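Because the structure is a prediction, the values reported are computed rather than measured. What's counted below: heavy atoms across the whole structure, side chains too, no hydrogens, waters or symmetry copies. Whatever order the structure lists ligands and atoms in, that order sets their numbers, starting from 1.
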Amino acid sequence: MARSIYQTQTGNAGEAQQRGREALTTNHGIPISDNQNSLRVGDRGPTLLEDFILREKIFHFDHERIPERIVHARGSAAHGYFECTDPIPELSCASIFAEKGKKTPLFARFSTVAGGAGSVDTPRDVRGFAVKFYTDEGNWDLVGNNIPVFFIQDAIKFPDLIHSVKMEADKGYPQAASAHDTFWDFVSLMPEAMHTVIWAMSDRAIPRSLRMMEGFGVHTFKLVNAEGETHFVKFHWRPRLGMQSLVWDESAKLQGADNDYHRRDLHEAIAAGDFPEWDFAVQVFDQALADSLPYDVLDPTKIIPEEVVPLRVIGRMVLDRNPDNHFAENEQVAFLPSNIVPGIDFSDDPLLQGRLFSYLDTQKSRLGTTNFHQIPINAPKCPYANMMRDGLMQTAVPKGRATYEPNSLDQAGEDPGPRANAAGFTTAPQQVSGEKLRIRAETFGDHYSQPRMFWRSQTENEQAHIASACVFELSKVGLDHIRNRVLSHLANIDGGLAQRVADGLGTALPKAAAPFRTPVDLEPSDALSIQKNWKQTLHGRKVGLLFGEGSDKAEIDKLISAIKAEGGSVFTIAPKIGLLKLEGGEMKADGQLAGSPSPLFDAIAMILAPEVAEKLARDSAAVGFVTDAFVHLKAIGHCNGSKVILARAGIEADEGVGHYSNLPETAKRRYWAREAKVRDLA
Ligand code: HDE
């Protein structure tokens, strides 16, 4: 018999088990003796159709992919739990909020909206913030975003919005970007989009980490207590690490430096036991307050500032376990805004109402079966029972004859009364009357007051980022009439903003669009600014430390411990990845210089022997390392020798640039005041 040049790795079942590994079998359990060679005639002859092992393997591989999500295709996910810290039985009978300390398992998925599943993590985009709570009364899915408002008011416009932002239909590009004609054409024809547009142009749309962004339920929901009393509610997630964003140039460079920047950051933090946490807060209000507001609480393009209705923290979310399998969990998880539990209810927000249909519908096309709820990541962790049966991929084996209700077969001799549960979900009763109309309430008609409030709530530097983002995006728009129409809306938000964008584009400012409702000046809200709420901490932040042959090992160790003591982490970088001889020891770097550019870090440090620094000053990777850190407004901690690299990059010292021993303090922030020196912002 001919001998294979490849030894089989599989061997027989006995051998594999002896090695402590599961033996390979087919999907039908037949042990496989050879996973390297297909069945052929002789050693150089044709492959035989009879080879069921080959055919099964290729057949399964050919069908590995399922349709990606039409939006939010690119996502990163983790398991964790919700802990109730302040029970609210007076507001809601939901069991998840019933007792202090009660923990409910959950699965969270964060996503970009526009890009495909393989697109990058750091484009300018809204981020999805979806949480599936496996409560003991069924699954509650809070499918929100990191921006508290949405582009449109009515679900019927969603396909149009998404078609406009996705890659253009004829060209197939740009991928994962709103900076193109069709997006700006659509939103400029829909003035209701302006509030979300200004958030999307702000630093909120380029988060530094998924662990450093807020989350919002967006719509107004209802809380219902045991007596049936209802209150309106808005849901908020607040990151314990504080909010942080990238600067635009940094986020663009990250798209080259690390496609998976956010996914890796989340995974590594959890793997290291540094579990991301968010506070969960509610904004509760009644009809009287809703009636007193100059905007409609059913309009998802509006927020209620927390200065108007304060946030009450009632729980926290901790993400403490990475998924075991990306496909089985992240890809197959099916979030449904219609998954709601007793004690919570929907409002009449017309966007929410449309979502109640869309998500169930989309799962049939993605997961292929009405039984998608049986996939482990989607299945409730409490018992569930009903008379729904059969269907594609049915994996349950229900027992008994009766598949209808009521029946008198299951509990023979008992009263065959209905089996519904009096404590089950009940819709809060609500008077509704009116004619059937396709119409939108006039109370939804103020499109500019809230974007104006958002603009006025930002720091000067944040305003400059917004204006510059508008210039960048509109500079990618090819058609003048679209750019002009956008400017005509910006003029209603703030004349100064519109002028700065027009100047940045080098174009004349057109006259303001005619508003449906004249905008008013609402009180600014400090809570809307990232910079005003900056958390001065190293926790969650990463320092890139450049060293080389002959660096002082004791100084490196001292700096690493000081950064770690403040909750930060260090990634060591050297020109070579192998073991290097240092002054006082040896060390291996985590990354090689050219593959570890500074956009990957929150701050950088250099501890270099003078001759190595001299050499690196002629290396574009080292010069780029410090140049990028400087223009991305980061702290730079250097030794005396490494000043030569800074000089080569033309870096002038400022309060963020200094001796590395100060870095544990200086790395806690970014240096916004430096920006005017390094960038011409609009
Ligand atoms: Fe979604 N949205 N959406 N959306 N959405 C989907 O559902 C849709 C909206 C959001 O990590 C899809 O399972 C309609 C608002 C997140 O798996 C789809 C409308 C908000 C995710 C869908 C909206 C969101 C989705 C695609 C207007 C913030 C990702 C795949 C009526 C409150 C969830 C899927 C995940 C996903 C439809 C508007 C958030 C097509 C029709 C507003 C976070 O069903």
Side-chain angles (χ1 to χ4, degrees), residues 66-79 106-117 125-132 139 141-166 190 192-193 195-196 199-200 204-205 207 210 213-221 233-237 262-263 266 298-303 323 326-340 346-368 372-373 375 377-378 440:
I66 58 172
E68 64 176 35
R69 290 167 177 82
I70 177 77
V71 280
H72 297 267
R74 168 106 193 142
S76 306
H79 295 269
L106 58 78
F107 188 69
R109 184 173 182 274
F110 309 103
S111 44
T112 55
V113 178
D125 200 354
V126 177
R127 297 301 188 285
F129 196 121
V131 180
K132 188 183 281 292
N139 289 354
D141 295 357
L142 184 57
V143 195
N145 279 342
N146 77 328
I147 287 181
V149 282
F150 202 66
F151 292 99
I152 48 168
Q153 295 172 327
D154 190 311
I156 201 167
K157 297 311 298 168
F158 190 68
D160 302 296
L161 167 73
I162 299 307
H163 288 170
S164 83
V165 73
K166 284 267 177 184
M190 301 284 298
E192 71 203 48
H195 193 195
T196 306
W199 279 77
R204 296 268 180 162
L210 302 170
M213 56 184 204
E214 292 188 332
F216 304 91
V218 176
H219 314 282
T220 295
F221 289 86
V233 64
K234 284 197 175 267
F235 297 113
H236 297 248
W237 295 107
H262 284 154
R263 184 177 287 178
L266 181 69
L298 300 183
D299 173 357
T301 70
K302 305 295 185 292
I303 59 162
H326 178 79
F327 179 83
E329 300 177 284
N330 189 332
E331 215 36 40
Q332 293 201 114
V333 65
F335 290 97
L336 305 167
S338 51
N339 273 358
I340 205 146
F346 313 117
S347 74
D348 294 340
D349 174 338
L351 197 66
L352 174 60
Q353 295 279 320
R355 294 180 74 203
L356 301 181
F357 162 70
S358 177
Y359 291 65
L360 182 63
D361 184 54
T362 207
Q363 308 314 339
K364 173 68 180 57
S365 122
R366 294 200 60 237
L367 301 166
F372 69 88
H373 64 283
I375 298 173
I377 196 69
N378 295 323
R440 204 162 309 173

Chemist: Going from CD1 on I340 to CG on L142, what distance comes out if it is rounded to the nearest 0.5 angstrom?
Modeler: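 If we round to the nearest 0.5 Å, I340:CD1 and L142:CG are 9.0 Å apart.
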
Chemist: Anything with a heavy atom under 4.0 Å from ligand 1 counts, so go ahead and list those protein residues by chain and number.
Modeler: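 For ligand 1, the contacting residues are R69, I70, V71, H72, R109, G128, F129, V143, G144, N145, F150, A155, F158, G217, V218, H219, F335, L351, R355, S358, Y359, T362, Q363.
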
Chemist: Could you pull out the closest heavy-atom pair between Q153 and K302, with the gap in Å?
Modeler: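 Minimum heavy-atom contact is NE2-NZ, 4.1 Å.
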
Chemist: Can you list the residues that meet the salt bridge (charged side-chain N to carboxylate O under 4.0 Å, His left out) rule with E214, with sequence neighbours excluded?
Modeler: R204, R238

Chemist: Do K132's NZ or CZ and the ring of F335 fall within the cation-pi criteria of under 6.0 Å and 45°?
Modeler: yes

Chemist: Which class fits the ring pair F221 and F235: parallel under 30°, tilted 30 to 60°, perpendicular over 60°?
Modeler: tilted

Chemist: Under the criterion side chain to side chain donor-acceptor pair (under 3.5 Å), I'd like the reasoning laid out for R109 against H72: C-alpha separation, chi angles, the key distance, then a yes or no.
Modeler: CA-CA 10 Å; R109 184 173 182 274; H72 297 267; 5.7 Å; no

